[in-house]
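Below, read A as the first sequence line, B as the second, and so on, with proteins coming before strands; counting in each chain starts at 1.
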There are 2 protein chains.
Amino acid sequence: MKVNKGVEWAAHACALLAVLPEGWTLSAEALAAYHDVPPAYMAKQMQALSSAGLVVSVRGAAGGYRLARPARDISLKDVFLAVEGAAPSFRCTEVRQNGPCGAAKAQCRKPCGIAASFYAAETAFRDSLAGVTIMDVVASASAASDLGKAAKIATWIQSNASRPGTER
Amino acid sequence: MKVNKGVEWAAHACALLAVLPEGWTLSAEALAAYHDVPPAYMAKQMQALSSAGLVVSVRGAAGGYRLARPARDISLKDVFLAVEGAAPSFRCTEVRQNGPCGAAKAQCRKPCGIAASFYAAETAFRDSLAGVTIMDVVASASAASDLGKAAKIATWIQSNASRPGTER
DNA sequence: GCGGTAATACTCGGATAAGTCTTGTCCGAGTCCTTATGG
DNA sequence: CCATAAGGACTCGGACAAGACTTATCCGAGTATTACCGC
């Protein structure tokens, strides 16, 4: 059981978008450069976030991505589901219906104990992620960094972000 | 994020082993036949359970597998870890150290907020599974089945299980 | 009849191939900005 | 000098390959059974 790498990158991207000035955007390429990951693949994750409605994309020159709603209203669960998909991780193949002692299909309307337990575990997993917002992530990151780094990031944003509708 | 199919099969196999009479064993082939899954692959999962110490294997003619300890002392978490491995599902690549604003390695002794949240979520996942034992699974399964099926299973066991040290 | 022994059949265990999903990449569609042009 | 329109450059979006892991399989190592032989 492994979570896609894209989840990590998408989460970090959201954290960076969260500290952008209002109305500014960052292109997928800039986000990839900031995190030093393959640009095309980062773009793919941003697409997933976009189609899930977590970020809005601005096309054309000086375009890019920005958060669709406040960082406190986006949880890691949202990011996880956007990138990873909503399909359950445990895929019950209904083996109880197989073999010489297989149960009748009519008796299998409820999931078996094993499947139910794994579904419950996954719900616990998602609930745990739902309790952490992008704002929380940003807060913990900034708490661990010093002023010098904050200034560095601000400078980088000034150089690489763009504000559609105006010249840089 | 997907859990291996083998986890499901291993769990069902444990449930079947749990209802065996004391001292009896079931071969990997018999377990595969009961659940109608590929014999060789089922054998692989049983190996994993064996090396994890959840079941004990008896080699030679009339050999097979039996639970290593009472069903109430084996949880789905144990089965999951045995088959899936104990490696964390979220693989932090420390992207915070990358790029133009990368943090120094010395400042990254603690996991970042994103990684910590995913680790916590996985702990919640495993804790949820730890609360369900094989005994619970058997109980829920037998509660959902009728007497006819129970007799069918008992007959099948009589025909396919073996008791080492004695003739069948 | 009984004990020992060798052959045998059956089991697990690890090493070895296909299939599928993740990972990584590319090029086309669409949009905004820039710039040239005419009034 | 200003409005307009065409051109260009930059962006996202989905379609397209390589790699890794899951899934599936095979054959060799080992052990209890079993039959046989000698006593």
- Please lay out, stage by stage, how A/N160 and A/Y34 fare under the test side-chain contact (heavy atoms from CB on, under 4.5 Å). CA-CA 9 Å; A/N160 295 89; A/Y34 183 90; over 6 Å; no
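Checking D/dA24, D/dA32, C/dT11 against the side-chain heavy atoms of B/A61 singles out D/dA32 as nearest. Counting only heavy atoms from C-beta on, A/P38 has its side chain closest to C/dT25 among D/dT11, C/dT25, C/dT23. You'll find that the side chain of B/Y65 is closest to C/dG13, out of C/dG13, D/dA24, D/dT22. Across D/dT23, C/dC26, D/dT11, the shortest atom-to-atom separation from the side chain of A/A40 is found for C/dC26.
The distance from atom CG of B/N4 to atom P of C/dG19 is 19 Å, rounded to the nearest whole Å. Atom P of nucleotide C/dC21 and atom CD of A/E84 are separated by 13 Å, given to the nearest angstrom. For A/L31 and D/dC12, the CG to C1' distance is 13 Å, given to the nearest whole Å. The distance from atom CE of B/M42 to atom C1' of C/dT11 is 16 Å, rounded to the nearest whole Å. One interatomic measurement links the two molecules: CH2 of B/W9 to C1' of D/dT22, which rounds to 11 Å at whole-angstrom precision.
Within 4.0 Å (heavy atoms only), B/S51 reaches no atom of the nucleic acid at all. When heavy atoms are screened at a 4.0 angstrom cut-off, B/A43 is found touching no nucleic acid atom at all. Within the 4.0 angstrom heavy-atom criterion, base atoms lie near B/K44. Using a 4.0 Å heavy-atom criterion, one finds that B/R66 contacts no nucleic acid atom at all.
Proximity of a side-chain donor or acceptor of B/S128 to a complementary backbone N or O of B/A124 within less than 3.5 Å is not detected. The backbone N or O of A/V3 lies less than 3.5 Å from a partner atom in the side chain of B/R91, making a donor-acceptor pair.
Side-chain N/O atoms of B/Y41 include none lying less than 4.0 angstrom from OP1 or OP2 on C/dG19. Contact annotation: B/S57 does not reach the phosphate of C/dT11 (side-chain N/O to OP1 or OP2, under 4.0 Å).
Contact between B/T25 and B/G63 at its shortest, heavy atoms only, is OG1-O, 3.3 Å.
In terms of position on DNA chain D, the residue among A/K2 and A/S50 whose nearest nucleotide sits closer to the 5' end is A/S50. Along DNA chain D, the nucleotide closest to A/M1 and the one closest to A/M46 are compared, and the more 5′ of them pairs with A/M46. Map B/Q47 and B/E29 each onto its nearest nucleotide of DNA chain C; the residue landing nearer the 5' end is B/E29.
Contact annotation: side chain of B/R59 to base of D/dA32, donor-acceptor pair absent below 3.5 Å.
A/F90 and A/F118 have parallel rings, their planes meeting at less than 30° on a 0 to 90° scale where 60° marks the start of perpendicular.
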